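Basis for what follows: all heavy atoms, side chains included, without hydrogens, waters or symmetry-related copies. Labels below follow one simple rule: chain letters A, B, ... track the order of the sequence lines, proteins then strands, and each chain is numbered from 1. Please read all numbers here as calculations on a predicted model, not as lab measurements.
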2 protein chains.
Amino acid sequence: MARPERRTVRDVRRGNRGMLLRTLYFDGPASRHELTGLTGLSAATISTMTGDLLADNIIVEAGQVDSDGGRPRVLLRVNPAYGHVIGVDVAETHVRVELFDLEMTEKARVDYSLRPSHHDIELVTRRILAGIDVVLADGQVPADRVLGVGIGVPGIVERGADTLIHAKTFGWDGVPLGALMRAGTSLPVFIDNGAKTMGQAELWFGAGRGAAHAVIVLIGSGVGATVVADGVVMRGSSNSAGEWGHTKIALDGRQCRCGGRGCLEAYIGAEGILDRAGVPTSTTDWPAALGRVLESDSRVIEETVAYLGMGLANLINLLNPERILIGGWAGLMIGRDLLPGIRAAALANSLAQPGNATSIILGELGPDAVALGAATLVLEEFLDTSAPLRLHAAS
Amino acid sequence: MARPERRTVRDVRRGNRGMLLRTLYFDGPASRHELTGLTGLSAATISTMTGDLLADNIIVEAGQVDSDGGRPRVLLRVNPAYGHVIGVDVAETHVRVELFDLEMTEKARVDYSLRPSHHDIELVTRRILAGIDVVLADGQVPADRVLGVGIGVPGIVERGADTLIHAKTFGWDGVPLGALMRAGTSLPVFIDNGAKTMGQAELWFGAGRGAAHAVIVLIGSGVGATVVADGVVMRGSSNSAGEWGHTKIALDGRQCRCGGRGCLEAYIGAEGILDRAGVPTSTTDWPAALGRVLESDSRVIEETVAYLGMGLANLINLLNPERILIGGWAGLMIGRDLLPGIRAAALANSLAQPGNATSIILGELGPDAVALGAATLVLEEFLDTSAPLRLHAAS
DNA sequence: GACTATAGCTTCAGGTATTGAACTAAGGAC
DNA sequence: GTCCTTAGTTCAATACCTGAAGCTATAGTC
């Protein structure tokens with residue numbers, strides 16, 4: 001029932017230009033000649049379009065390759081210095097702001113620590129805005145060369161006329177972060193759930209590259225997932241799709257911090273694993289404690305493999321992905337030791353056809369990828385529209 | 001990472017024409033003037049495009065409405081007699097072939113019963129081909145006025161160069177039904193899983209109309225789901241997405257006929273419910289037996305509500321649909337009596353934000369909708385491309 | 001019954017797109 | 001220095017949507 005939008009000839013250009021840019025971004029550098037093959041466009045179109053992009057300084061020449069017995073090919077690539085993007089990670093204990101060039105090379109970063117239960121929205125907004133000024137100064141990038149700011153936040157991000165954030169652990173209930181940011185900066189702002197931005201980072205720059213159907217599973221103290229269908233992050237009707245952690249795997253099962261019972265998170269979240277192992281809740285160094293459990297407690301290890309395998313099998317059956325990535329600090333620890341067992345458990349619990357079609361691997365990016373993924377939201381918009389910089393810098 | 005296809009100006013026309021046709025199909029009849037508002041296209045474009053479609057006889061005039069003090073509006077609608085579509089339901093006990101006009105009014109149907117465990121692919125193919133001839137004769141429709149044949153089959157439908165079908169219960173392991181059909185008819189053939197075609201029918205003509213994000217849940221003796229994201233049926237990487245029935249809801253739970261343990265189907269499939277109620281497996285009239293259980297066995301009722309509510313809550317959390325439809329013969333029986341309880345259980349087990357955003361209702365179409373949905377596959381293709389009839393009638 | 005207002009619809013020039021074909025550019029081989 | 005090969009550009013042809021102007025068909029009015 002997808003009723004597409006009206007289209008005009010200009011949309012054709014926009015779409016083709018976006019495709020060309022994406023091709024150069026991911027498969028570049030490439031010559032005009034190679035681009036005809038990669039994009040399917042004619043040499044004439046490639047010629048005029050690359051001419052435009054060169055004039056706009058969005059792409060630049062990148063040397064030559066001689067072709068045996070003919071005119072050498074001029075390589076083209078996206079100009080990494082054309083613009084910069086900013087990514088922000090709003091987490092339990094810190095606000096981190098990072099500045100990247102278009103190739104996602106980090107140019108500057110700044111961290112502000114937050115005291116637990118001091119997540120006042122005004123404070124967080126001030127930190128973000130201050131952080132933007134700091135990284136721009138450190139990176140010596142003028143504000144009018146910034147394409148936008150992406151922000152990864154905890155909780156559910158409701159996209160509408162105004163972006164509202166519901167984050168129980170922060171005491172945020174419908175906080176209008178988008179409006180607050182617009183009051184403090186003229187840069188375009190993109191906001192999404194931190195687990196989704198991290199998934200987006202893995203999809204674009206990590207182990208998810210090239211996958212059209214994938215699930216990126218994040219296991220930390222909480223558990224979440226980014227579902228990718230047909231190359232696009234699935235959002236659902238109110239942008240809360242991917243809440244995998246509170247999927248129930250048992251009727252009247254273990255108590256979860258969400259208030260429910262039998263949530264997957266209560267079994268395979270870091271807190272759940274430690275609790276099952278009888279580690280006292282007063283422990284502060286969770287990674288170390290989890291490491292000890294994963295080295296010694298064979299019962300807990302066995303259970304963890306079984307529960308995680310079952311959870312992944314459910315994803316496989318329902319979504320039929322070609323690839324599942326396991327990420328998050330706890331996920332990477334678990335996966336490093338137990339991946340073969342997890343794979344076997346997932347296969348045993350899934351139907352044969354989709355089970356065999358799915359590869360289960362570890363994420364490549366560390367837990368620091370939230371800000372990178374948030375910045376990727378800006379990059380995505382830029383590659384699709386290649387909107388000229390002046391437009392928002394002026395506003 | 002969606003890398004779109006190259007586009008040309010002709011794609012613009014194709015897309016807009018498809019949109020116009022869809023608009024007329026679902027919101028028609030409408031005048032040219034109204035269509036400008038509904039499609040966003042200019043009056044000039046509407047004029048030329050409707051001119052084309054009228055010349056092709058794809059749309060027809062449908063009376064006039066006088067406008068106060070001006071030229072009356074000429075109403076346009078899709079010509080229901082422009083072409084016909086055929087839908088086929090290949091099930092455990094029968095092969096059913098139905099002929100529809102473009103408005104999906106049934107014009108003829110024929111049923112062939114299959115003996116259990118006589119699902120030889122050659123036999124089934126012969127039945128389908130014979131059925132096509134019969135309904136065309138009965139409906140007095142020449143073969144060159146048929147836009148195509150849609151077939152709903154059990155099992156997993158692997159779409160590739162050749163459509164292969166894996167249906168354990170039929171003993172089909174990679175059966176090339178597409179190729180076999182092409183050998184017997186020149187009509188275009190579309191094949192999909194029967195649960196998906198039924199979901200498609202609900203989405204287009206039943207309780208799913210207008211939903212962009214929905215899940216259509218089918219409960220019969222087996223359990224399946226059709227996941228709709230952004231208006232499109234989700235297929236996954238090998239077209240097996242939607243296998244909800246073998247989602248595990250308990251570690252080492254009830255034995256399922258798939259060989260696994262703890263599958264949702266083993267709890268809320270008709271067979272699973274009857275088994276939990278202690279109804280002997282020799283029972284032949286399942287619907288009657290299920291009816292008795294749902295009237296009298298309060299323990300089983302309570303459990304069923306709990307398990308189904310939990311299963312639905314998992315869908316809500318993971319997919320964030322705006323609507324969930326419960327269908328299938330057993331699903332309709334269960335839902336008729338227990339819907340309020342199921343809603344409450346689903347809400348109790350899901351996160352607040354997506355839970356409140358999801359409405360859970362019953363399907364509108366009976367279990368007969370498999371063939372209708374299969375025919376809809378052809379209709380969908382027609383509305384998108386409005387490919388002239390001659391092309392395939394000639395081949 | 002002619003005239004006018006009104007609303008629906010069509011035609012046409014103008015602008016934007018892609019494309020194939022012809023053409024120019026740049027290097028190597030003999 | 002001529003020819004071959006490969007890379008890239010220019011241009012006429014074709015297709016599309018749109019705004020503006022014009023045409024058509026009705027109701028109301030005198």
Side-chain angles (χ1 to χ4, degrees), chain A residues 4-21 23-24 28-56 59-77 385-386, chain B residues 4-21 23-24 28-56 59-77 385-386:
Chain A
E5 288 279 282
R6 173 199 73 153
R7 290 198 178 287
T8 72
V9 279
R10 296 173 103 127
D11 294 313
V12 173
R13 183 68 153 193
R14 255 193 293 280
N16 285 338
R17 184 170 150 130
M19 178 184 51
L20 183 97
L21 258 183
T23 305
L24 270 180
S31 71
R32 294 171 178 78
H33 191 75
E34 287 163 340
L35 285 171
T36 62
L38 291 169
T39 62
L41 292 163
S42 71
T45 303
I46 295 291
S47 185
T48 59
M49 208 139 64
T50 52
D52 285 359
L53 289 166
L54 281 166
D56 289 348
I59 64 175
V60 289
E61 298 196 346
Q64 295 196 348
V65 203
D66 44 325
S67 56
D68 26 32
R71 175 175 172 175
R73 284 174 285 192
V74 176
L75 295 181
L76 301 171
R77 58 179 298 190
T385 64
S386 62
Chain B
E5 287 280 280
R6 171 201 75 154
R7 291 199 178 287
T8 72
V9 278
R10 295 175 104 126
D11 294 313
V12 173
R13 184 67 153 193
R14 255 194 293 279
N16 285 338
R17 184 169 149 133
M19 179 183 52
L20 184 104
L21 259 183
T23 305
L24 271 180
S31 71
R32 293 172 178 79
H33 191 74
E34 287 163 342
L35 286 172
T36 61
L38 291 169
T39 61
L41 292 164
S42 71
T45 303
I46 295 290
S47 185
T48 58
M49 207 139 65
T50 53
D52 286 358
L53 289 166
L54 280 167
D56 289 348
I59 64 175
V60 289
E61 299 196 345
Q64 296 195 348
V65 203
D66 45 323
S67 56
D68 27 32
R71 177 176 174 174
R73 284 174 285 192
V74 176
L75 295 180
L76 301 171
R77 58 178 299 192
T385 65
S386 62

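- Closest approach of A:L54 to A:R32, counting heavy atoms only: CD1-NH2, 3.4 Å.
- To the nearest angstrom, P of C:dC9 lies 11 Å from CG of B:L54.
- When each of A:A44 and A:V9 is assigned the nucleotide of DNA chain D bearing its nearest heavy atom, the one mapping closer to the 5' terminus is A:A44.
- Atom CD in B:E61 sits about 13 Å away from atom C1' in C:dG8, given to the nearest Å.
- Taking only side-chain nitrogens and oxygens, B:S42 comes nearer than 4.0 Å to OP1 or OP2 of D:dT18.
- With hydrogens and angles ignored, no donor-acceptor pair closer than 3.5 Å exists between the side chain of B:R71 and the base of D:dA25.
- Toward the 5' end of DNA chain C, the nearer of the two residues B:E34 and B:R6, judged by each one's closest nucleotide, is B:E34.
- Not counting sequence neighbours, the partners of A:R14 by the side chain to side chain donor-acceptor pair (under 3.5 Å) test are A:D11.
- Set against D:dT18, C:dT19, D:dG8, the side chain of B:T45 has D:dT18 as its closest nucleotide.
- Put simply, CZ on B:R17 is 14 Å from C1' on D:dC16, counting in whole angstrom units.
- For B:N16, no side-chain nitrogen or oxygen approaches OP1 or OP2 of D:dC16 to under 4.0 Å.
- Taking both residues in full, the closest heavy atoms of A:P29 and A:R77 are given as CB-CB, 4.2 Å, listed atom of the first, atom of the second, then distance.
- Between the P atom of C:dT16 and the CZ atom of B:R7 lies a distance of 21 Å, rounded to the nearest Å.
- Rounded to an integer number of Å, the gap from CD of B:Q64 to P of C:dG8 is 12 Å.
- Atom CG of B:L76 and atom C1' of C:dG8 are 12 Å apart (whole Å).
- In terms of phosphate contacts, A:R73 brings a side-chain nitrogen or oxygen within less than 4.0 Å of OP1 or OP2 of D:dA7.
- Regarding B:R13, its CZ atom lies at a distance of 14 Å from the C1' atom of D:dT14, rounded to whole Å.
- Within the 4.0 Å cut-off from OP1 or OP2 of D:dT9, at least one side-chain nitrogen or oxygen of A:S47 is found.
- In terms of phosphate contacts, B:R14 brings no side-chain nitrogen or oxygen within less than 4.0 Å of OP1 or OP2 of D:dC16.
- Residue B:S31 is in sugar-phosphate contact alone, with no base atom involved, counting any heavy-atom pair closer than 4.0 Å across all strands shown.
- Minimum atom distance to the side chain of B:H33 is reached by C:dG8, of the listed C:dT18, D:dT9, C:dG8.
- A donor-acceptor pair is defined here as one N or O able to donate and one able to accept, closer than 3.5 Å; such a pair exists between the side chain of A:T23 and the backbone of A:M19.
- Atom P of nucleotide C:dG14 and atom CZ of A:R10 are separated by 17 Å, given to the nearest angstrom.
- Under the 4.5 Å side-chain criterion, counting only non-hydrogen atoms from C-beta, B:D52 is in contact with B:R13.
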